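Since the structure comes first, as structure tokens, the remarks are kept for the end.
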Amino acid sequence: MPRTEEAEAFFHAVYSAIQEIPYGKVTSYGHIARLIGTPQRPRQVGVCLKHLSADPSFTFHNGNVPWQRVINSKGGISPRGHPSGAATQATVLRGEGVTVSRNAMGEYSVDFSEFGWFPRQLPSHVAEGLDPFIDSDGDE
DNA sequence: AATCTGACTTCTA
DNA sequence: TTAGAAGCCAGAT
């Protein structure tokens with residue numbers, strides 16, 4: 001659990017934003033960070049997910065925060081050191097209809113067409129036709 | 001208190 | 001196109 005009130009608010013914002021990701025869609029850590037007004041802290045978004053509890057008595061937990069729909073800006077499922085975590089995430093995503101591929105090195109990835117939002121560096125010809133699930137708070 | 005780590009992203013070679 | 005480094009900052013040692 002967060003130590004300070006400020007951190008608590010950050011966690012709350014992250015979890016709330018993630019709950020807005022539609023079923024069958026994925027987005028990036030960076031997008032969540034932008035949505036809640038802290039575009040420089042995608043890593044901390046990952047920290048929040050890492051701390052998600054399985055205990056349903058918590059306000060936010062595995063069961064009501066679709067953690068599996070958050071992947072990295074390259075379209076990959078972050079391996080977080082232990083491969084089984086990514087494998088589990090891939091399984092859950094496939095369960096809701098998302099196409100997840102696996103390469104020879106055991107890394108999982110999701111096609112950009114499944115993205116609800118796409119990273120800045122994504123080539124425009126790929127970005128074309130994608131439908132953002134949330135409007136990025138009007139910046140740019 | 002000080003240092004290391006990492007469920008990230010972006011910029012530069 | 002790919003690789004490396006910087007920036008980020010809450011947790012864990």
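Residue numbers begin at 1 in each chain, while the letters A, B, ... track the order of the sequences. Keep in mind that what you see is a predicted model, and the values were worked out from it rather than measured.
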For atom CZ of A/R41 and atom P of B/dT10, their distance in whole Å: 16 Å

Separation of atom CD1 in A/I32 from atom P in C/dC8, rounded to whole Å: 21 Å

Distance in angstrom units between A/H12 NE2 and C/dA10 P, rounded: 19 Å

Whole angstrom value for the distance that separates P of C/dC9 from CZ of A/F11: 15 Å

Least distance between heavy atoms, A/R69 atom then A/G24 atom: NE-N, 4.2 Å

Candidate list A/L93, A/I18, A/V26, test side-chain contact (heavy atoms from CB on, under 4.5 Å), partner A/P66, passing option: A/I18

Under 4.0 Å protein heavy-atom contacts per nucleotide of nucleotides 3-9 of chain B, with B for base, S for backbone only and - for none: ---BBBS

Least distance between heavy atoms, A/V70 atom then A/Q89 atom: O-NE2, 3.0 Å

A/H12 atom NE2, neighbour heavy-atom count above 12 within 6.0 Å: no

Whole angstrom value for the distance that separates C1' of C/dA10 from CD of A/E8: 14 Å

Expected output: side-chain A/Y15 to main-chain A/C48 donor-acceptor under 3.5 Å: yes

Shortest non-hydrogen separation from A/I71 to A/Y29 and the atoms involved: O-CD1, 3.1 Å

B/dA7 versus C/dA3 - spacing of their C1' atoms, nearest Å: 22 Å

